[in-house]
Amino acid sequence: MRYFKIIKNAFCLALFMGVVLTSCRSDENQYTDNKRIEELLSRMTLEEKIGQMVQKNGGSFSDSLVRAGRIGSVLNEISVEKQNRIQKMAVEESRLGIPIIFARDVIHGFKTIMPIPLAQAATWNPQIVEKGARVAATEAASSGIRWTFSPMVDVTRDPRWGRIAEGFGEDPFLTSEMGAALVRGYQGENLSNKTSIAACVKHLAAYGWAEGGRDYNTTNIPENDLRDIVLPPFKRCADEGALSMMTSFNDINGVPATGNKFLVNDILREEWGYQGLVVSDWVSVIQLITHGVAADEKMSARMAVHATVDMEMASTSYETYLKELLHEGAISQQQINDAVRRILTVKFILGLFDDPYTNPNDFPEMLNEKHLAVSKKAATESAVLLKNEGLLPISEDIKTIAVIGPLADAPHDQLGTWIFDGNKQNSVTPLEAIKKMAKAKGIKLLYEQGMEISRSKEISSPGRVQAIAKQADIVLLFLGEESILSGESHSRANIDLPGAQQELVKLAAKSGKPVATVIMAGRPLTFEPVLEYTGAVLYAWHSGTMTGPALADLLFGHESPSGKLPVTFPRHVGQIPIYYNHRNTGKPATNETWERMDDIPVEAPQLSIGNTSHYLDYGFEPMYPFGFGLSYTKFEYQSIETDKNDYFQTDTIRVSIKLKNTGDYDAAEVVQLYIHDKVASRAPVMKQLKAFEKVFFKTGEQKTVEFELPVSALGFHNLEMDYVVEPGEFIIMAGGSSETKLDTEIVIEKN
Ligand code: BGC
């Protein structure tokens, strides 16, 4: 058995190296790398091996530890000078000269900040997302960072959760495609190129399932849903060649991820054959004690090793206890060797053994024009037009604009959460960009911040707000939440516009002038109460360094909005979780069956007939559905066709969707393809996104968009936990939102 395992592991590792290296290294190189790794392993002492499994925070260790070969990785050290000094000790002064890998949370850009990941998902454009990651990788690598803790592919249905900002929303397919795009962007075409950095797919798993959206909270999820909804993005990124993954803080059905053998060893390693490096989250190994599944650090280290967590981030249970655990026979030499082999593999693949130092002069300048252009394009494509009563784009007749609101000129907040290295001095704010554009067009611009920050309880200058609104032909409000109100451990129970912002909208509307609102936030906010006071809503998230120029282009019509929601927007926080890929229930609601609270007669008798699944006060529908987003133009969905009616399991379904730009603007549309399994052994969800494409249309242009959908993609995990495509009828639907416009039926035959 043991022999089989060794062979198997060696085989898997070769396979993994094969997957990630095929595009960049010759077979001979791979062979040499494997040989060098095995040779090195055979020469390493136990202390040196354990040392590789240790990741330390910058500044928290002594030089002697580095020289002794007792550190595998350092995070958060971004001074190139210090890194090179540490690297020199590791490479030239330690016994075996194993280089250190420097890591950092480069989440959506390094110096050139891209939109937050949730906003990137709203582009529905993997190409621009990949380009953004390439920019981030190049800039980070020029600072010696060769490993980022991104992408975060935690599917979530809860906008209260602060980390919704960091992921790609509620859908497993969209999240998978975006995650894979980031992996490609970070890792580049050639992993040993100095601008390539290792991706780290996180957080394995179900972190976004936190009960109540409270960060780090317990998750309860049936294994079928874990496999159908939560895990696919991890698998997709593994298949894309992601070099590493990170375990999550949460427990899954009572078992914390970092000590979860079933999740990491059985599913990730054994089922998927993943041989990349798995790192814990920040001190999540010893948090097994806080969770209550380990009595002490020694036990937590043992559990994490059995789960195949290769590297411990920040805490010290591995360096303190692995030797003892090995001598007691509680863990095996094989387990340590496997972990070290995986760590060394990443270092070899990145070329660190051959070229361990960083010289910033070898890299393009940070924040260069090309980088900023990518950031601007991503920001432009991420904004979602949610409402427009003809106010946008700003008409040519407009002579005076009033810009009002706490987010109009907030260079720090527009960058969003997780921007360790971003700098507000580089931000171009909406106010700056609109001013510039207005000047060029001869438009007068009036500005009043109105509130000090988004949370301010009072409007600071109500008189001036009213006065400039009255003088203007259109009021542009910039509302939302500051960047610090989303992100890790920054969940909110109330996701309304914070502070006095609702009052600010009402005050601006009182002027009688048309009001268009731009909302900048790290999550979906519930802003239904102000909808009646504003004729347009452009949802702009926190979209990075170039937010201002991107928004100016959109507001003045140089670009048409093309973003679509990556997550359902609830009307009220009490509706959460509300998501598009839900089951039908036995009593689905309709507008006709929704019993409105205000209509209920006094002392009305309770009935058990005619009841459906909804809230008396907020119905059953969201404010805006998943996939939704308006354009300045109009798209007419004309027809949907499949190449056949009947398919076998191994077939591919070819779907053609014809649509036309019938409006007055050239614009891009995200064509979305959904499926519904009509009858299945587990109640099927009503719609599942299976493909999408962002396509550009000139005015009047008609196109046929073709999708190839393998029948194997139509399946789910049944009660026996097998992935199956059950024969029968399926509906294929298409449209520019999850509220689809076209559908057709097909049949999947028994093979
Ligand atoms: C976060 C991770 C992050 C790590 C290192 C943790 O608190 O959960 O996502 O990569 O810190 O900064």
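The structure presented is a predicted model; accordingly, all values stated were derived computationally and were not measured. The first residue in the sequence is number 1, and the count goes up from there. Counting convention: from 1, in listed order, for ligands and their atoms alike.
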task = Would you mind telling me if ligand 1 is within reach of the side chain of R163, the backbone, both or neither, using heavy atoms under 4.0 Å?
result = side chain
message = Below 4.0 Å, non-hydrogen atoms only: which portion of H203 touches ligand 1? Side chain, backbone, both or neither.
response =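 The side chain, only.
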key: Among V106, D281, D215, V283, closest by any non-hydrogen atom to atom 6 (C) of ligand 1   =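 Closest candidate by heavy-atom distance is D281.
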ask   = Taking 4.0 angstrom as the limit, do K202 and D281 come out as a salt bridge?
value = no
message = For a quick check under 3.5 Å, do E170 and T156 share a side-chain donor-acceptor pair by atom type?
response =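 Side chains of E170 and T156: no pair found under 3.5 Å.
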request  = With sequence neighbours left out, write down each residue that passes ring-ring contact (aromatic ring centres under 6.0 Å, His included) with H203, or none if nothing qualifies.
outcome  = Y207
Contact atoms of ligand 1, heavy-atom distance to F149 under 4.0 Å =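 Taking each heavy atom of F149 in turn, ligand 1 has 10 (O) under 4.0 Å.
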key: Counterpart residues, ring-ring contact (aromatic ring centres under 6.0 Å, His included), relative to W209 (two or more places apart)   =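 Partners of W209 under the ring-ring contact (aromatic ring centres under 6.0 Å, His included) test: none.
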query = Can you tell me the protein heavy atom closest to atom 5 (C) of ligand 1 and the distance?
reply = D105 OD2, 3.1 Å
key: Heteroatom distance test (E488, ligand 1): nitrogen or oxygen, under 3.5 angstrom   = yes
query = Do Q120 and H108 have side-chain N/O donor and acceptor atoms under 3.5 Å apart?
reply = no
inquiry  = Using a 4.0 Å cutoff against the non-hydrogen atoms of K202, which atoms of ligand 1 qualify?
reply    = 2 (C), 3 (C), 9 (O), 10 (O)
task = Could you please spell out the steps behind the side chain to side chain contact (heavy atoms under 4.5 Å, CB included) verdict for M311 and Y318?
result = CA-CA 8 Å; M311 191 180 271; Y318 276 17; 5.9 Å; no
